[in-house]
*Asks:* 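Once you've had a glance at the structure underneath, I'll fire off some questions.
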Amino acid sequence: MLELAGIVILGILAQWVAWRLKIPAILPLILIGLFVGPVSTLFTEDGSKWIEPVWNGTHGLFPEDSLYYFVSLAMGVILFEGGLTLKKNEISKVGPVILKLISIGAVITFIGAAVATHYIFDLTWQISFLFAALIIVTGPTVISPILRNIPLKKDVSAVLKWEGILIDPLGALVAVLVFEFINVGGSAGFTKQAFMEFGKIAIVGFSFGVSAAYALYFAMKKKLIPHYLLNVTALSVVLLVFVESDVFAHESGLLSVVVMGMVLGNSNLPNLKELLYFKESLSVLLISILFILLAANINISDLLLVYNWQTAALMAVIVFILRPLSVFFSTYNSSLKTNEKLFISWVGPRGIVAVGIASLLGTKLTLNEVPNAEYITPLVVTLVLVTVLLNGTTARMFAKLIGVFLKESNGILIVGASKASRLIAKYLKNNDRHVVLIDSNSDNVAKAKAINLDAMESNIYSEDISTDVELSDIGYLLALTGSDDVNKHALSRFKKYLGENGAFRLITSEELRNPNQLPLEDLFSKKDDYINLSEVARDYPTINELELESTQQYLEQIDELNKEQKAVPLFVKDLTGELHIICSLDEDFEIEKGSKLVYMGKPVVKETKKKVSAPSEEAKSEA
């Protein structure tokens, strides 16, 4: 009982330490597992571990193959949660680079690592290729904490994030297939039976995954399951699909749950977000338990097996040769700059899938007395530790060194995706600004995405917002919702993280009655609260540009716009095209001749001045 409770307590403690120190959780988890496992044998009189995952005749948590079964089921749940996060529209945005990384890049790593392992360690080709299959993955749970602390261009962070998510199930599938080749091929290698097993795994995995996803979707859509049982029912279905799929085609369970997650994740299921939150919490707990168990299950002899110069040489080949090769081949003729390719090459940490599948398959092959199988788990764990330590401690410094670190975060986060927000966001995007809208209203988010705006369905009170990788280049925050409390909360909570260059909100109805007591962060004028902004967007859904001659003219035009109820001043565009947000109390702009006043609403025409007015794409789409 003490060991079971200790694993959970230590696991959550490691997660907290990782959050506090802003490092990947995998690092403290593995270190704790090694300490209470193989390292602890140095401090006990009888050489026993403080936590013994497998029953050794006197003590242990799991008898015989039970640890293998637990790891299998836990990996199924974790990969299902990963599948839920794979959205078709998000994948399409990252372009061909990510597709090449998970295809060409994976092949280069697979073949290169196998050759290096075979000749450096003199292992069999079967075991060398199994190790290579296990390390083609880069875990998103490891990459995300690294990217959160580094302001990067959206393209760079998106490539790294989506590579990690997409390649996880691919790596698991390749590893399982190589494992099957070893099992059924024996010394004969790739036999006809092995290829038949390949097809069997693929067919059973996809068919079970798709069928189960649609069955669960139908049951939830028709409300055949009470709300309080939705999450646990989904969990039980995942376990059922994993087990049943595995019965029909051995080792196909992992593929089936990934496919099931992908299908559900791309459906219009109303309870999807709630299901995802539950699975995320469950995955955190399972990851915490798994890493400690798997690290503790390693023996001192296993560590000594790879504590040599060959391991250092193999790690160097994988990190400094194969990773850059795969990235540069995959990004050839892409829009990425050389320094961006170098940074992507530098960041390639391995995570839960590599360790979990390695322990799963390595243990089984060792029990089957396959030659060299004992090398699999310690080599993979060593690579995980090396890459996490290297990337976690040097990624920020390396980003600064090669010039991909954004010195100034010019992205704009707009809280609220109403029609007015979408009009403003579309104008900003057309003027080369990275804009992200967040809203808890799924209809507003869908309308924003329909006009090619980056939008997230999220609650401003959620913990996820300040740590989302997609917001790494955000420096401005505009709170444009109809709730005064939400707008104020957005500024008070996220100004430090997402509004370092400027954080603004609409004035409240109470402030509207007291224009002489407006706070500094108020947008856009003294008369425009959410109601007026929405009415302007409804009646005159256009963004206008008025050319300016001087500061005096700018002030005159602002006064005129403030008198016009159906027009809202937004920005000043200078001669370089840079947009400056107009604050209600900020009237000290130095205006150069040729600058433009940008406003939304009813066109305001002066006799001697030109006005540029054109309906936005948002207005056209809703006309």
*Asks:* Run the side-chain donor-acceptor check on residues 128-135: report pairs under 3.5 Å with partners two or more places apart or on a different chain.
*Replies:*
unit_1 : atom_1 : unit_2 : atom_2 : d
S128   : OG     : H118   : N      : 3.4
S128   : OG     : T124   : O      : 2.8

*Asks:* Atom CG of L379 and atom CD of Q310: how far apart are they, to the nearest 0.5 Å?
*Replies:* 10.0 Å

*Asks:* Any non-hydrogen side-chain atom of L239 less than 4.5 Å from a side-chain atom of V77?
*Replies:* yes

*Asks:* Go through V107 and F329 one step at a time and tell me if the side chain to side chain contact (heavy atoms under 4.5 Å, CB included) criterion holds.
*Replies:* CA-CA 11 Å; V107 170; F329 268 98; over 6 Å; no

*Asks:* In Å, rounded to the nearest 0.5 Å, how long is the span from CG of L42 to CZ of F35?
*Replies:* 9.5 Å

*Asks:* So, for S103 and L99, which heavy atoms are closest and what is the spacing to 0.1 Å?
*Replies:* OG-O, 2.6 Å

*Asks:* What residues form a ring-ring contact (aromatic ring centres under 6.0 Å, His included) with Y119, not counting sequence neighbours?
*Replies:* W125

*Asks:* Would you say N308's side chain and T311's backbone share a donor-acceptor pair under 3.5 angstrom?
*Replies:* yes

*Asks:* For Y332, look at atom OH and say whether over 12 heavy atoms of other residues, nucleotides or ligands are found less than 6.0 Å away.
*Replies:* no

*Asks:* Measure the spacing between OG1 of T41 and CD1 of I300 and express it to the nearest 0.5 Å.
*Replies:* 4.5 Å

*Asks:* Any donor-acceptor pair under 3.5 Å linking the side chain of K341 with the backbone of S330?
*Replies:* no

*Asks:* Measure the shortest side-chain to side-chain distance between I357 and V137 over non-hydrogen atoms and say whether it is less than 4.5 angstrom.
*Replies:* no

*Asks:* Looking only at heavy atoms, what is the nearest atom pair of G76 and V257, with distance?
*Replies:* O-CG2, 3.4 Å

*Asks:* Hey, are the side chains of N231 and L235 touching, using non-hydrogen atoms and a 4.5 Å cut-off?
*Replies:* no

*Asks:* For E340, enumerate each residue passing the salt bridge (charged side-chain N to carboxylate O under 4.0 Å, His left out) test, keeping only those at least two apart in sequence or located in another chain.
*Replies:* K153

*Asks:* Tell me, please, which residues at least two apart from V284 pass side chain to side chain contact (heavy atoms under 4.5 Å, CB included).
*Replies:* Q15, S288

*Asks:* Show your working on side chain to side chain contact (heavy atoms under 4.5 Å, CB included) between T377 and N297 and close with a plain yes or no.
*Replies:* CA-CA 10 Å; T377 303; N297 196 44; over 6 Å; no

*Asks:* Does the side chain of F70 reach to within under 4.5 Å of the side chain of L290, using non-hydrogen atoms?
*Replies:* yes

*Asks:* Would you say that V347 contacts F398 through its side chain, given a criterion of any heavy-atom pair below 4.5 Å between the two side chains?
*Replies:* no

*Asks:* Taking only residues two or more places apart in sequence, or in another chain, which ones meet D122 in a side chain to side chain donor-acceptor pair (under 3.5 Å)?
*Replies:* none

*Asks:* Quick one: side chains of residues 382-394, donor-acceptor pairs under 3.5 Å with protein atoms, not counting sequence neighbours, listed by atom name and distance.
*Replies:*
unit_1 : atom_1 : unit_2 : atom_2 : d
T382   : OG1    : P378   : O      : 2.6
T387   : OG1    : R350   : N      : 3.3
T387   : OG1    : L383   : O      : 2.8
T387   : OG1    : V384   : O      : 3.1
N391   : OD1    : G348   : N      : 3.1
N391   : ND2    : W346   : O      : 2.6
T393   : OG1    : L389   : O      : 2.5
T393   : OG1    : L390   : O      : 3.4
T394   : OG1    : W346   : NE1    : 2.9
T394   : OG1    : L390   : O      : 2.4

*Asks:* Could you measure the distance from the CZ atom of F328 to the CG atom of L342? Nearest 0.5 Å is fine.
*Replies:* 4.0 Å

*Asks:* Using atom types as modelled, flag every donor-acceptor pair under 3.5 Å from a side chain in residues 205-213 to any protein atom, sequence neighbours excluded.
*Replies:*
unit_1 : atom_1 : unit_2 : atom_2 : d
S207   : OG     : I203   : O      : 2.7
S207   : OG     : V204   : O      : 3.1
S211   : OG     : S207   : O      : 2.7

*Asks:* Can you name the closest pair of heavy atoms from K364 and F179 and give their distance?
*Replies:* CD-CZ, 3.8 Å

*Asks:* I'd like to check the side chain to side chain contact (heavy atoms under 4.5 Å, CB included) partners of L4; sequence neighbours left out, ordered by chain and number.
*Replies:* L61

*Asks:* Is L29 close to I287 at the side-chain level, that is, under 4.5 Å between some pair of heavy atoms?
*Replies:* yes

*Asks:* Of all heavy-atom pairs between A358 and I376, which one has the smallest distance, and what is that distance?
*Replies:* O-CG2, 3.8 Å

*Asks:* So which atom in V241 and which in S256 form the shortest heavy-atom distance, rounded to 0.1 Å?
*Replies:* CG1-OG, 3.7 Å

*Asks:* Can you list the residues that meet the side chain to side chain donor-acceptor pair (under 3.5 Å) rule with N339, with sequence neighbours excluded?
*Replies:* none

*Asks:* List for me each residue that meets side chain to side chain contact (heavy atoms under 4.5 Å, CB included) alongside S326, sequence neighbours excluded, and say none if there are none.
*Replies:* I108, T109, R323

*Asks:* At their closest point, which heavy atom of I98 faces which heavy atom of V159, and how far apart are they?
*Replies:* CD1-O, 3.6 Å

*Asks:* Using a 6.0 Å cut-off, check whether atom CZ of F248 has over 12 heavy atoms from anything other than its own residue.
*Replies:* no

*Asks:* Enumerate the residue pairs fulfilling ring pair (Phe, Tyr, Trp, His ring centres under 6.0 Å) with a member in residues 363-384, sequence neighbours excluded, ordered by first and then second residue.
*Replies:* F121-Y375

*Asks:* Counting N and O atoms only, with roles assigned by atom type, does the side chain of N299 sit under 3.5 Å from a partner on the main chain of S301, one being a donor and the other an acceptor?
*Replies:* no

*Asks:* With rounding to the nearest 0.5 Å, note down the distance linking CD1 in I32 to CG in L27.
*Replies:* 10.0 Å

*Asks:* A373: which residues meet the side chain to side chain contact (heavy atoms under 4.5 Å, CB included) condition with it, sequence neighbours left out?
*Replies:* I127, L365, T366, V370

*Asks:* Rounded to the nearest 0.5 Å, what separates atom OG1 in T331 from atom CD1 in I344?
*Replies:* 7.0 Å

